[in-house]
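Report on the structure given below.
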Amino acid sequence: TLVLIDGRRMPYGGVTSASAAPDINQIPTSMIERVDVLTGGASAVYGSDAVAGVVNFIMKKDFEGVQVASQYNFYWHENDYGGPGETKLRDIIAGKEALNPSEYALPADSVTDGEGKELSLMVGVNSGDGRGNITAYATVFDSEAVLQADRDYSACSLNPNPVGSFVCGGSSTNAGGRFTDFSTYDFTTDTATAWRDYNPDTDLYNFGPLNYYQRPERRYSLGAMGHYEFNERADVYTQLMFTDYTSVAQIAPSGNFFDTSTINCNNPFLPAANLADIGCGPAEVAAGTSVSMYIGRRNVEGGGRQASFANNSFRVVAGVRGQINEAWGYDASAQYSSSGVNSSTLNYFVTPRLQRALNVVDVGGVPTCQSVIDGSDPNCVPWNPFVPGGVTAAQLNYLQASGLQVGRISQEIYNGVINGDLGVYGVKSPLASDGIQLVFGTEYRRDALSNNVDALQTQGQLAGSGGPTIGIAGSTKVNELFMEARVPIAQDQAFAESLSFDTAYRYSDYGGKTTDTYKFGLEWAPVADLRLRGS
């Protein structure tokens, strides 16, 4: 769906497919006159991205004075989920909290959160001769986070249960660590001296509480819109818009999501009581033999995985419109928009560093990375996930790294339109009072995109990031010719309050690749209160 402001495109919202849609938060609500919605295929009229329709925000053109508006909102939730005779979710969470207070916390009975505050200013003035107007605006918006920890239906990660009651589930990549070869052994830890068998019913990690339902954000918007009619043949207009936006997303901590598959038997962090259980006899320990071991261990010490976003958007439109004569008018404009997107990730483990930090040997009583000994990574710090409290700040400083993406997407558009009413020349149906209306136009549009991604994300080395993020750069351009016609067939007739035919055609040249788009439609209103349309 194409989104327009006064018939002209909004900037892209971001540089990825998930964020490319325009951010309508950039539109100052105080300046909206109305919103026009065109459903159905409109690509012949507006271009291929209008295939599902168009939403057109029409701005005020003659505001005069000063308007200050403020808004405050919050969420209010009662944590009492569960019908008559059913076990309350609160009771289930309370039971889990008694067993594991580090991962479960009972939310308050009544919660208010997610506060949002907005302040806007709009100032407008008309020219003394009434031919022009300029209106400026500024808006600041701030909202706070909503955590899943504060809702009874998400304070524990719910699992399906065949008997119909609620069960707290979670992830097997847990806080204490799961150490397994998925065939002969499966352990977790509670003590510093020995492991115990992993229990899939009680040892799952509750990953829900740290996730954001609503991200904290702050947004600043300012701009100005104006026009001046020198005469009926030249009405000059412009729009300037700027928005700056910051936000942080958060989900459960990163960790070793079974990304490593072996362990050396002479790793000094391994509990001696369990060496034989994992296939490390005295000979294997002496030889430093590697045996199969997959590790699922949450980075609970490092905190939730975060992604911070810093976006800015700029849009400028300048044009002139007017009447050529009684029947014909024109509108010519130029537009440029640019959106910059800087995003960074925090608290993610780097998978190759995990592998090096687990390949540890004893050097004079000091656990030391093998990569330090051979010089391949002199900065390596051994990681000890095998005992409670074994992970230190120095280990986290080595294992964690930030990811960075810097992107920008820009668009430039040059557009010229001539519109005509042939009714002035008497060209109309004998059953209609209005004449045939025509529009002819041409447009050039160029989109340019770059998204630079650091090596860690390009190679998919951040544990729990969902895979590689690949950078991209390039541009597209299109030259288009278009026309649209509306032909009233009958008006104010019996069984035809109105009957009209409309058609449109668009020719597009994408640098040698061409395409044609057509539209044919019929609209019939037998009476004023009923309208039928097919296209």
Side-chain angles (χ1 to χ4, degrees), residues 18 24-25 29 70-119 141-176 178 188 190 198-219 247-255 296 298-309 347 464 466:
I24 63 172
N25 289 309
T29 56
S70 63
Q71 176 177 292
Y72 174 80
N73 65 273
F74 63 90
Y75 295 96
W76 176 19
H77 178 70
E78 299 292 327
N79 284 307
D80 58 357
Y81 190 86
E86 296 180 355
T87 302
K88 296 283 187 180
L89 275 174
R90 292 181 54 79
D91 298 332
I92 296 173
I93 297 169
K96 298 290 288 188
E97 182 181 20
L99 298 173
N100 188 355
S102 64
E103 292 185 26
Y104 294 88
L106 187 64
D109 292 344
S110 180
V111 177
T112 57
D113 55 13
E115 291 184 343
K117 300 174 284 292
E118 184 177 58
L119 179 65
F141 174 79
D142 184 274
S143 70
E144 297 180 357
V146 175
L147 280 168
Q148 290 189 16
D150 295 321
R151 300 293 188 271
D152 52 4
Y153 49 79
S154 55
C156 78
S157 306
L158 295 175
N159 267 7
N161 184 7
V163 299
S165 62
F166 295 109
V167 174
C168 290
S171 168
S172 65
T173 301
N174 62 15
R178 182 184 179 190
T188 188
D190 289 325
Y198 172 80
N199 187 331
D201 295 323
T202 59
D203 292 329
L204 297 175
Y205 175 71
N206 183 27
F207 56 80
L210 288 179
N211 296 340
Y212 284 153
Y213 269 137
Q214 174 174 282
R215 302 191 321 220
E217 63 173 302
R218 177 165 293 177
R219 182 175 64 251
S247 180
V248 176
Q250 179 172 283
I251 58 176
S254 180
R298 285 280 170 173
N299 179 28
V300 291
E301 297 83 4
R305 284 167 283 178
Q306 292 187 339
S308 63
F309 304 94
N347 303 334

Nearest non-hydrogen partners of [X] and [Y], listed with the distance:
X	Y	result
Gly296	Thr173	C-CG2, 3.7 Å
Ile93	Ala105	CG2-O, 3.9 Å
Trp76	Thr112	CD1-CG2, 4.0 Å
Ala155	Pro107	CB-CD, 4.1 Å
Arg90	Asn79	CD-O, 2.6 Å
Tyr205	Ala175	CD1-N, 4.0 Å

Just to verify, what does [X] make a side-chain contact (heavy atoms from CB on, under 4.5 Å) with, not counting sequence neighbours?
X	answer
Gln214	Tyr75, Ser143, Val146
Leu119	Val68, Ser70, Val140
Asn199	Asp201, Thr202, Asp203

Restricting to side-chain hydrogen bond (donor to acceptor under 3.5 Å, both in side chains), what partner residues turn up for [X], sequence neighbours left out?
X	value
Glu103	none
Asp152	none
Gln148	none
Ser154	Tyr213

Interatomic spacing from [atom1] in [X] to [atom2] in [Y] - rounded to 0.5 Å:
X	Y	atom1	atom2	result
Phe207	Arg298	CZ	CZ	7.5 Å
Glu217	Phe309	CD	CZ	11.5 Å
Tyr212	Gln250	OH	CD	4.0 Å
Asn73	Glu115	CG	CD	9.0 Å
Lys117	Gln71	NZ	CD	12.0 Å
Asn211	Ser157	CG	OG	7.5 Å

Would you indicate whether the side-chain heavy atoms of [Y] and [X] approach each other to under 4.5 Å?
X	Y	answer
Leu204	Ser171	no
Asn174	Tyr198	yes
Asp113	Glu144	no

Task: Donor-acceptor pair, side chain of Ser254 and main chain of Asn299, under 3.5 angstrom - done: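 Side chain of Ser254 to backbone of Asn299, a donor-acceptor pair under 3.5 Å: no, none is there.
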Open item on the list: Checking the side chain of Asn347 only, and the main-chain atoms of Gln306 only, is there a donor and an acceptor separated by less than 3.5 Å?
Closed with: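 No, the answer is negative, given that no donor and acceptor are paired below the 3.5 Å cut-off.
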TODO: Determine, step by step, whether Ile92 and Cys168 satisfy the side chain to side chain contact (heavy atoms under 4.5 Å, CB included) criterion, reporting the C-alpha distance in whole Å, the side-chain angles of both residues, the deciding distance to 0.1 Å, and the verdict.
DONE: CA-CA 8 Å; Ile92 296 173; Cys168 290; 3.9 Å; yes
Open item on the list: Can you pull out every salt bridge (charged side-chain N to carboxylate O under 4.0 Å, His left out) where at least one residue sits in residues 204-213? Sequence neighbours excluded, please.
Closed with: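 Applying salt bridge (charged side-chain N to carboxylate O under 4.0 Å, His left out) to every pair that reaches into residues 204-213, excluding sequence neighbours, yields nothing.
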Task: All salt bridge (charged side-chain N to carboxylate O under 4.0 Å, His left out) counterparts of Arg218, not counting sequence neighbours - done: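 Residues passing salt bridge (charged side-chain N to carboxylate O under 4.0 Å, His left out) with Arg218: Asp142.
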- [ ] Please list, chain by chain and in numerical order, all residues satisfying salt bridge (charged side-chain N to carboxylate O under 4.0 Å, His left out) with Asp150, sequence neighbours excluded.
- [x]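 For Asp150, no residue satisfies salt bridge (charged side-chain N to carboxylate O under 4.0 Å, His left out) once neighbours in sequence are set aside.
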TODO: With sequence neighbours excluded, give me every side chain to side chain donor-acceptor pair (under 3.5 Å) pair touching residues 91-101.
DONE: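 Of all non-adjacent pairs touching residues 91-101, those that pass side chain to side chain donor-acceptor pair (under 3.5 Å) are Asn100-Ser102.
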- [ ] Applying ring-ring contact (aromatic ring centres under 6.0 Å, His included), name anything that partners Tyr153, two or more places apart in sequence or on another chain.
- [x]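 Result, ring-ring contact (aromatic ring centres under 6.0 Å, His included) vs Tyr153: His77.
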